[in-house]
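Comments concern the structure below.
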Amino acid sequence: MAITIKNDREIALMRESGRLLALVHEQLRKELKEGMTTKDLDRICEEMIRDFGCVPNFLNYEGFPASVCVSINNEVVHGIPSDDRYIKNGDIVSLDAGLIYKGYHSDAARTWGVGDVSEQAQRLMDVTKQSFFEGIKYAKPGNHLSDIARGIQTYAQEKGYSVVRDLTGHGIGTHLHEAPEVPNFVSKKRGVRLQKGMTLAVEPMINEGKYGVYWMDNDWTVATADGKLSSHYENTIAITEDGCEILTMLPEEK
């Protein structure tokens, strides 16, 4: 699939898609508490998306059975909600969701602590979030994808963490996953040159221990190989004339 460049009308639609998704995430943050099930979060997410007149883009995507990925503690991404899995005090919970508004996708993830979270877990979540912002400092026309990756990786590793290498971010638009892949780590390839109108899902996945991961028996959920914590933070961004615009974040989050 070729990289798509969006015009101002398309960016406006993606901006609204992103705004609505940011509201969903804010509600999920408020609802998240000890004793609820991961399926409770999925029900809240799907109902809110449909109330907006939108479609949950994760639901049935390549067979995924829910509207939000709920990944806990050492799970990196793609945790499947269940009526049998309860949120516990001290958990860190990654929520990854997206929606379709008038044909345009948005995608974002947040990781939150529940109750009495350890200082180490809070620091991991804080560093993961900041690594996103360190990366997008380089998200502007003329730079390459590797510049974003270097910003993310350098910051995370300086703080003593590792960056997952088996999973990447991606382009986004009229499809949830479009070209190009958006890695959070530097390789020999510089990646494409950024230009105005590109829309990307930038999503650092940062591990407390080593970067190795494995796929669990459900063929979806990815977890850390060493069993240590992992955190995930993602936003959909649009490349502008001189930088980028975050499309999936409320003003009070910035």
Side-chain angles (χ1 to χ4, degrees), residues 1-15 17-18 21 57-58 61-62 64 69 76-78 94 96-101 103-110 128-129 131-157 162-207 211 213 215 220 222 232-249:
M1 184 183 293
I3 296 171
T4 59
I5 303 300
K6 283 76 173 181
N7 59 34
D8 290 345
R9 180 191 67 83
E10 291 175 300
I11 296 292
L13 289 168
M14 292 192 67
R15 186 179 294 119
S17 181
L21 180 58
N57 53 10
F58 284 20
Y61 181 81
E62 294 186 354
F64 189 77
C69 301
V76 182
V77 286
H78 304 160
S94 296
D96 188 0
L99 59 80
I100 309 169
Y101 170 80
Y104 285 84
H105 291 254
S106 52
D107 188 3
R110 304 284 187 266
T128 302
K129 179 177 179 179
S131 72
F132 165 85
F133 290 100
E134 295 298 322
I136 66 165
K137 288 178 181 178
Y138 303 97
K140 56 187 176 182
N143 280 351
H144 291 79
L145 283 172
S146 61
D147 296 313
I148 298 175
R150 184 173 293 105
I152 292 169
Q153 183 177 19
T154 300
Y155 180 79
Q157 291 184 172
S162 60
V163 179
V164 173
R165 302 185 180 213
D166 290 59
L167 301 148
T168 68
H170 50 91
I172 185 170
T174 55
H175 296 82
L176 175 57
H177 290 106
E178 297 184 355
E181 287 191 347
V182 183
N184 302 303
F185 55 92
V186 178
S187 65
K188 292 180 180 178
K189 297 178 181 178
R190 298 182 71 187
V192 299
R193 189 183 295 273
L194 302 173
Q195 58 179 294
K196 179 185 176 183
M198 284 183 177
T199 46
L200 309 171
V202 179
E203 50 179 318
M205 290 155 273
I206 308 299
N207 288 353
Y211 63 74
V213 299
W215 270 252
W220 274 106
V222 180
H232 184 201
Y233 186 85
E234 174 186 20
N235 282 300
T236 299
I237 68 169
I239 305 299
T240 62
E241 287 184 0
D242 57 359
C244 73
E245 177 185 354
I246 303 172
L247 303 179
T248 48
M249 182 175 280

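When every heavy atom of S146 is checked against every heavy atom of V186, the shortest pair comes out as O-CG2, 4.1 Å. Summarising the geometry of T248 relative to S106, their closest heavy-atom pair is CG2-CB, 4.1 Å, with the distance given to 0.1 Å. Summarising the geometry of A201 relative to D107, their closest heavy-atom pair is CB-OD2, 4.4 Å, with the distance given to 0.1 Å. A pairwise comparison of heavy atoms in A156 and I206 identifies CB-CD1, 3.9 Å as the closest pair. The shortest non-hydrogen separation linking L200 to P180 is CD2-CD, 3.9 Å. Taking each heavy atom of K140 and G243 in turn, the nearest pair found is CB-CA, 3.6 Å.
In this structure, I152 and F132 have side chains that are not in contact, with every pair of non-hydrogen atoms separated by 4.5 Å or more. By the 4.5 Å heavy-atom criterion applied to side chains, N235 and L247 are not counted as neighbours. Using a 4.5 Å heavy-atom cutoff, the side chains of M205 and V222 are not in contact. Residues S94 and V77 fail the side-chain proximity criterion, which asks for heavy atoms closer than 4.5 Å. Looking only at side-chain heavy atoms (C-beta outward), T4 and E10 stay at 4.5 Å or farther from each other. P204 is not listed as a side-chain neighbour of V163, based on a closest heavy-atom distance of 4.5 Å or more. In this structure the side chain of W220 reaches within 4.5 angstrom of the side chain of E62, judged on heavy atoms. A heavy-atom distance below 4.5 Å is found between the side chains of I239 and C244.
In summary, E178 and K6 engage in a salt bridge, as defined by a charged side-chain N under 4.0 Å from a carboxylate O.
Residue H232 holds its NE2 atom at 8.5 Å from CG of L167, rounded to the nearest 0.5 Å.
Counted within 6.0 Å of NE2 on H177, heavy atoms from surrounding residues, nucleotides or ligands total more than 12; the atom is thus considered enclosed. Surrounding OH of Y155 are more than 12 heavy atoms belonging to other residues, nucleotides or ligands, all under 6.0 Å away. Enclosure of atom CD in E181 is not indicated, since only 12 or fewer non-hydrogen atoms of other residues, nucleotides or ligands lie within 6.0 angstrom. For N7, the CG atom sits in a packed shell: over 12 heavy atoms of surrounding residues, nucleotides or ligands are nearer than 6.0 Å.
A perpendicular orientation is assigned to the rings of F64 and F58, their planes being inclined by more than 60° (bins at 30° and 60°).
Between the side chain of T199 and the backbone N or O of G173, no donor-acceptor pair lies under 3.5 Å. Judged purely by atom type and a 3.5 angstrom limit, R110 uses its side chain to pair as donor or acceptor with the backbone of E234. Put simply, the side chain of N184 gets close to the backbone of E203: a donor and an acceptor are under 3.5 Å apart. The closest donor-acceptor contact from the side chain of R193 to the backbone of H144 lies at 3.5 Å or more, if one exists at all. Side-chain atoms of S131 come within 3.5 Å of backbone atoms of T128 as a donor-acceptor pair (strictly under, hydrogens ignored). Checked by atom type and distance alone, the side chain of T240 never pairs as donor or acceptor with a backbone atom of E245 at under 3.5 Å.
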Step by step, would you call Y101 with L21 a side chain to side chain contact (heavy atoms under 4.5 Å, CB included)? CA-CA 10 Å; Y101 170 80; L21 180 58; over 6 Å; no
Does N143 form a side chain to side chain donor-acceptor pair (under 3.5 Å) with R190? I'd like the steps, not just the answer. CA-CA 9 Å; N143 280 351; R190 298 182 71 187; over 6 Å; no
